[in-house]
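Right, one structure below, let's go through it.
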Amino acid sequence: MISFITVAYNSASTIRACLEAALAQPNSEVIVVDNASADDTLAICRQIPGIKLVPHHTNVGFNGGNNLGLAQASGDIIVLLNPDAVLPANVSPRIERLFAELPDVGMIGCRMTNPDGSLQSTGSQLPTLRTLLYEHSAYHNLFPRSRAFARYLIQDWDRRTSRRLGAVAGSCLAVRRADLEACGGLDSHYFLFYEEVDLARAMAKIGKTAYYAADIEVQHVGGVSTKQDDKNGYIDRIYHASRDYYLRKWHGQAYLVLFKALSWGFNKAYGLWSTAARRLGMVK
């Protein structure tokens, strides 16, 4: 059996389509953890027969919610499914087949598309100090054509062919229960963001890799819940807290301090260069 686990938070606009597509999958069960939604999410879930509903009185985040769902799951394969993602027909047997054919694969991600059919750029290599600096400091302004960042994002790949990767997107992510338990499970210190990268690191420690399945296309709206809470930098603070925890967990406190120092240095250098360039009329 495959257990589809959806953690919902204020997902009333998308949850019905997500659950109806999941319920149509063969040889599966559907579990919904409601993270204290303030809209009609819980009421909609209660109208849909056939799901296991786990209401929770507080928002425990993505991994925290999935761990609540895992406690109720019966499947040998677990699929973490965002409430704004809609599965195609007959995903279950395709995921089972892939795991049977690829014993070294610990996690499977899917080709994600926007509602208009355009392709989302998901999947990457695991981040390094250089790619983190490129993303989170003025490094990208000073070195706009970083080959290391292009390799990290795999920019020469069109996402239309299947391949092994460093990490895949968590919006529709399949894992074997046995592998998940062997690598230590989902770390509930992550409230949101960096969960799939953390899991990919943990899987690598037990000799498992991530796989992008281009032939499984999942429609994904993206950011439905986070956009509602994006006030006064709240989402940015959660993102940075997850990033810092990830660096500290996998590389140590000294690595995190080095990252922060280099980020400050690149930001300072770019600020000085920008000021000088404006004074000299090089930029407006």
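Annotation for Arg177: atom CZ counts as buried by contact number, over 12 foreign heavy atoms lying within 6.0 Å. Within a 6.0 Å sphere centred on CH2 of Trp264, other residues, nucleotides and ligands contribute 12 heavy atoms or fewer.
The backbone N or O of Ser11 lies less than 3.5 Å from no partner atom in the side chain of Ser13, so there is not a single donor-acceptor pair. Under the 3.5 Å distance criterion, the side-chain polar atoms of Tyr134 are matched with a main-chain donor or acceptor of Pro144. The backbone N or O of Leu133 lies less than 3.5 Å from a partner atom in the side chain of Ser137, making a donor-acceptor pair. Side-chain atoms of Asp187 come within 3.5 Å of backbone atoms of His189 as a donor-acceptor pair (strictly under, hydrogens ignored). Between the side chain of Glu195 and the main chain of Phe193, a donor-acceptor pair closer than 3.5 Å is present. Distance alone, capped at 3.5 Å, places no donor-acceptor pair between the Arg243 side chain and the His136 backbone. In terms of modelled atom types and a separation under 3.5 Å, the side chain of Ser171 and the main chain of Asn82 share no donor-acceptor contact. Between the Arg159 side chain and the Thr122 main chain, a donor and an acceptor come within less than 3.5 Å of each other. No donor-acceptor pair closer than 3.5 Å links the side chain of Asp84 to the backbone N or O of His220. Checked by atom type and distance alone, the side chain of Ser242 never pairs as donor or acceptor with a backbone atom of Tyr190 at under 3.5 Å.
With rounding to the nearest 0.5 angstrom, the CG atom of Leu186 is 8.5 Å from the CG atom of Leu173. The line from CD1 of Ile95 to CG of Asn90 is 11.0 Å long, rounded to the nearest 0.5 Å. The structure places CG of Leu247 at 8.5 Å from NZ of Lys260, a figure rounded to the nearest 0.5 Å. We find the CD-CG distance between Gln25 and Leu87 to be 5.0 Å, quoted to the nearest 0.5 Å. In this structure, CD1 on Ile206 lies 9.0 Å from CG on Leu180, to the nearest 0.5 angstrom. Between the CD1 atom in Ile5 and the CD1 atom in Ile78 there is a gap of 5.0 Å [rounded to 0.5 Å].
A chain of hydrophobic side-chain contacts below 4.5 Å, direct or via other Ile, Leu, Val, Met, Phe, Trp or Tyr residues, connects Ile2 to Val105. Taken together through direct or relayed side-chain contacts under 4.5 Å among Ile, Leu, Val, Met, Phe, Trp and Tyr, Ile31 and Leu23 form parts of separate hydrophobic clusters. Ile216 and Leu81 fall within the same hydrophobic cluster, defined by Ile, Leu, Val, Met, Phe, Trp and Tyr side-chain heavy atoms under 4.5 Å apart, directly or through other members. Tyr212 and Phe99 are members of different hydrophobic clusters when ILVMFWY side chains are connected at heavy-atom separations under 4.5 Å. If you chain together hydrophobic residues whose side chains sit under 4.5 Å apart, Met112 and Val79 fall into the same group.
Counting heavy atoms from C-beta on, the side chains of Asp198 and Asn63 never come closer than 4.5 Å. Here the side chains of Arg160 and Leu119 are in contact, with some heavy-atom distance below 4.5 Å. No side-chain heavy atom of Val60 sits less than 4.5 Å from a side-chain heavy atom of Val33. Looking at Val30 and Ile48, their side chains never come closer than 4.5 Å, going by heavy atoms from C-beta outward. Between Glu196 and Val168, the closest side-chain pair of non-hydrogen atoms is not below 4.5 Å. The shortest distance between side-chain heavy atoms of Ser146 and Tyr152 does not fall below 4.5 Å. For the pair Pro55/Leu42, a side-chain contact is recorded, criterion being any heavy-atom separation below 4.5 Å from C-beta on. By the 4.5 Å heavy-atom criterion applied to side chains, Glu29 and Lys52 are counted as neighbours.
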Start with the C-alpha distance between Asn67 and Leu70, add both sets of side-chain angles, then the distance that settles side chain to side chain contact (heavy atoms under 4.5 Å, CB included), and finish with yes or no. CA-CA 5 Å; Asn67 282 329; Leu70 279 165; 3.7 Å; yes
| message | One pair to check against side chain to side chain contact (heavy atoms under 4.5 Å, CB included): Phe62 and Asn35. What are the steps and the verdict? | response | CA-CA 9 Å; Phe62 182 77; Asn35 258 339; over 6 Å; no
**Message:** With side chain to side chain contact (heavy atoms under 4.5 Å, CB included) as the criterion, how do Leu19 and Cys45 come out once you've worked through the C-alpha distance, each side chain's angles and the decisive distance to 0.1 Å?
**Reply:** CA-CA 8 Å; Leu19 296 183; Cys45 290; 4.0 Å; yes
- [ ] Would you sort out whether Leu165 and Trp157 count as a side chain to side chain contact (heavy atoms under 4.5 Å, CB included), showing the intermediate values?
- [x] CA-CA 11 Å; Leu165 297 173; Trp157 169 49; 3.8 Å; yes
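Gly65 and Val7 get closest at one heavy-atom pair: C-CG2, 3.5 Å. Heavy-atom minimum distance, Asn267 versus Ala138: OD1-N, 2.8 Å. Across all their heavy atoms, Gln72 and Val54 have their closest contact at CG-CG2, 3.8 Å. Scanning both residues, Ser74 and Ser3, for their nearest heavy atoms gives N-OG, 3.5 Å. The two residues Gly166 and Ala200 come nearest to each other via the heavy atoms O-CB, 3.2 Å. Here the closest heavy-atom approach between residue Arg176 and residue Leu102 is recorded as NH2-O, 3.3 Å.
Between Tyr139 and Phe143, the two ring planes are tilted [angle within 30° to 60°]. Under the 30°/60° scheme for interplanar angles, the aromatic rings of His251 and Tyr255 are found to lie parallel.
The aromatic ring centres of Tyr239 and Tyr194 sit less than 6.0 Å apart.
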